Peer 1: 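Okay, handing you the structure first.
For the numbers below, each heavy atom of this structure counts, side chains included, while hydrogens, waters and symmetry mates do not. What you are looking at is a predicted structure, and each value in this text was computed from that prediction instead of being measured. Numbered from 1 within each chain, the chains take letters A, B, ... in sequence-line order.
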There are 2 protein chains.
Amino acid sequence: MSETATPAPTKVQLLELLAAIGTAQWREFAAAAAQHGLTPTQARVLAQLEGPVPMRGLAVLLVCDASNVTGIVDRLEARDLVRREPDPHDRRVKNVVATDAGRQVIRRVREEMQAAHGALDTLDEAESATLYALLARLRPSMEKG
Amino acid sequence: MSETATPAPTKVQLLELLAAIGTAQWREFAAAAAQHGLTPTQARVLAQLEGPVPMRGLAVLLVCDASNVTGIVDRLEARDLVRREPDPHDRRVKNVVATDAGRQVIRRVREEMQAAHGALDTLDEAESATLYALLARLRPSMEKG
DNA sequence: CCCAGATGTTTGATGTCATCAAGTAACTCG
DNA sequence: CGAGTTACTTGATGACATCAAACATCTGGG
């Protein structure tokens, strides 16, 4: 098995490569968001809004304090990208819903992200499957121990 | 080739998996940094300081405005993790150098990062090499188009 | 039923990071 | 030498992030 062109990388090398790709991807995302006048955080919130999500739920998804979400949603709401609706079952909670404009904006951001990643097209089906399988094994362990 | 357990993933699935791993890794890094009273940005700066680096160089590495670096280094310097030294060849530039304390802190942060990634140990050498090779093909294309 | 405790949201104080515009000092080159 | 560039800092402003505290609402045991 040692006739492969690439020798076994060290753990550190793998981690650094993952980190490099991660930050590059994050910057792409930030740039795509910025083109539509969104901060990365705002774009992230919009991306979570398939359906109504309570403020508290957003805090969980973003892994941040609930009081933080108030301001983020305030700014999105001021631009009509998002709406706060009362929850029918619990008068304490306010559900955040993307407006049509909000859905449109986040759709464009996603498109630009994918367009920027032509590199993925250089992987054939087998390679994609292999990469996905290996990465999938890394994912769950990244959770809190 | 269809007898593999994992069917070929879509581009979007791959991107999302990469994003998930990326954010998880970032959170690990932030948590490790926080345990030593560092913000992620501060830890990132320390991690870059193998040798002396001019303020401007840090701005390039962090992909941010130079004026931003002033404050970040100020805070690190206030805690004696970093020192500003005059450059011998250009009196305009100030080189940032990690102090012993700074080197020690960032070393511990790195250790905690790796400790958290036992998942990588479940990959054998061939799998590591394959993963590394595939990821390496993704990296360069993530640059600015 | 009713009150004690838990939960959801907001406000206010504070700190870090990000930008831009402007200013000062020092280098470089014609 | 003088004009233009470069390195760093300062100041203004805005977005995130935390924590503490207030408030309304839900929930469960007595």
Peer 1: dC17(C), OP1 or OP2 - any side-chain N/O from Asn68(B) closer than 4.0 Å?
Peer 2: no
Peer 1: Is it the case that the side chain of Arg92(A) and the backbone of Asp87(A) share a donor-acceptor pair, with hydrogens and angles ignored and the cut-off at 3.5 Å?
Peer 2: no
Peer 1: Could you report the tightest heavy-atom contact between Val82(A) and Val73(A), atom names first, then the distance?
Peer 2: CG1-CG1, 3.9 Å
Peer 1: Using modelled atom types and a 3.5 Å cut-off, is there a donor and acceptor pairing between side-chain atoms of Gln25(B) and backbone atoms of Leu15(A)?
Peer 2: yes
Peer 1: Hey, can you pull the residues of residues 70-84 of chain A with a non-hydrogen atom under 4.0 angstrom from DNA chain C?
Peer 2: Thr70(A), Arg84(A)
Peer 1: Of the non-hydrogen atoms in Cys64(B) and Val69(B), which two are nearest, and what is the gap between them?
Peer 2: SG-CG2, 4.1 Å
Peer 1: Separation of Met55(B) atom CE from dT9(D) atom C1', in whole Å?
Peer 2: 9 Å
Peer 1: Can you pull out how bent the helix from dC1(C)-dG30(D) to dG30(C)-dC1(D) is, comparing the axes over its first five and last five pairs, to 10°?
Peer 2: 20°
Peer 1: In the single-linkage hydrophobic clustering (I, L, V, M, F, W, Y; side-chain heavy atoms under 4.5 Å), do Trp26(A) and Ile21(A) co-cluster?
Peer 2: no
Peer 1: Please collect all salt bridge (Lys or Arg N to Asp or Glu O under 4.0 Å) contacts where either partner lies in residues 10-20 of chain B, sequence neighbours excluded, each pair once.
Peer 2: Asp121(A)-Lys11(B)
Peer 1: Nearest-Å distance, CG (Leu58(A)) to C1' (dG8(C))?
Peer 2: 13 Å
Peer 1: Is there a chain of hydrophobic side chains (I, L, V, M, F, W, Y, each step under 4.5 Å between heavy atoms) that links Phe29(A) to Leu17(B)?
Peer 2: no
Peer 1: Between P on dT9(C) and CZ on Arg56(A), what's the gap in Å once rounded to a whole number?
Peer 2: 8 Å
Peer 1: So does Glu77(B) pair up with Arg75(B), basic N to acidic O under 4.0 Å?
Peer 2: no
Peer 1: Write down the distance between CG (Leu62(A)) and C1' (dA15(D)), rounded to a whole number of angstrom.
Peer 2: 14 Å
Peer 1: Among dC8(D), dT10(C), dT19(C), which nucleotide has an atom closest to any side-chain atom of Asp65(B)?
Peer 2: dT19(C)
Peer 1: Residues of residues 37-50 of chain B with any non-hydrogen atom less than 4.0 angstrom from an atom of DNA chain C: list those, numerically ordered, please.
Peer 2: Thr39(B), Thr41(B), Gln42(B)
Peer 1: Just how far, in rounded Å, is P of dC17(C) from CH2 of Trp26(B)?
Peer 2: 10 Å
Peer 1: Output yes when a side-chain donor or acceptor of Arg137(B) lies under 3.5 Å from a complementary backbone atom of Thr122(A), and no otherwise.
Peer 2: yes
Peer 1: Using atom types as modelled, flag every donor-acceptor pair under 3.5 Å from a side chain in residues 100-110 of chain A to any protein atom, sequence neighbours excluded.
Peer 2:
residue, atom, partner, partner atom, Å
Asp100(A), OD1, Arg103(A), NH2, 2.7
Arg103(A), NH1, Ala98(A), O, 3.0
Arg107(A), NH1, Glu111(A), OE2, 2.9

Peer 1: Which residue lies toward the 5' end of DNA chain D, Val63(A) or Lys94(B), if each is placed at its nearest nucleotide?
Peer 2: Lys94(B)
Peer 1: Gln48(B) side chain to Val45(B) main-chain N or O, any donor-acceptor pair under 3.5 Å?
Peer 2: no
Peer 1: Can you tell me if Glu127(B) uses its side chain to pair, donor with acceptor, with the backbone of Asp124(B) under 3.5 Å?
Peer 2: yes
Peer 1: Give a yes or no on whether the backbone of Pro9(A) and the side-chain of Ser128(B) come within a donor-acceptor separation of less than 3.5 Å.
Peer 2: no
Peer 1: How does each nucleotide of nucleotides 22-30 of chain C score, in 5' to 3' order, for protein heavy atoms under 4.0 Å: base (B), sugar-phosphate only (S), or none (-)?
Peer 2: ---BBS---
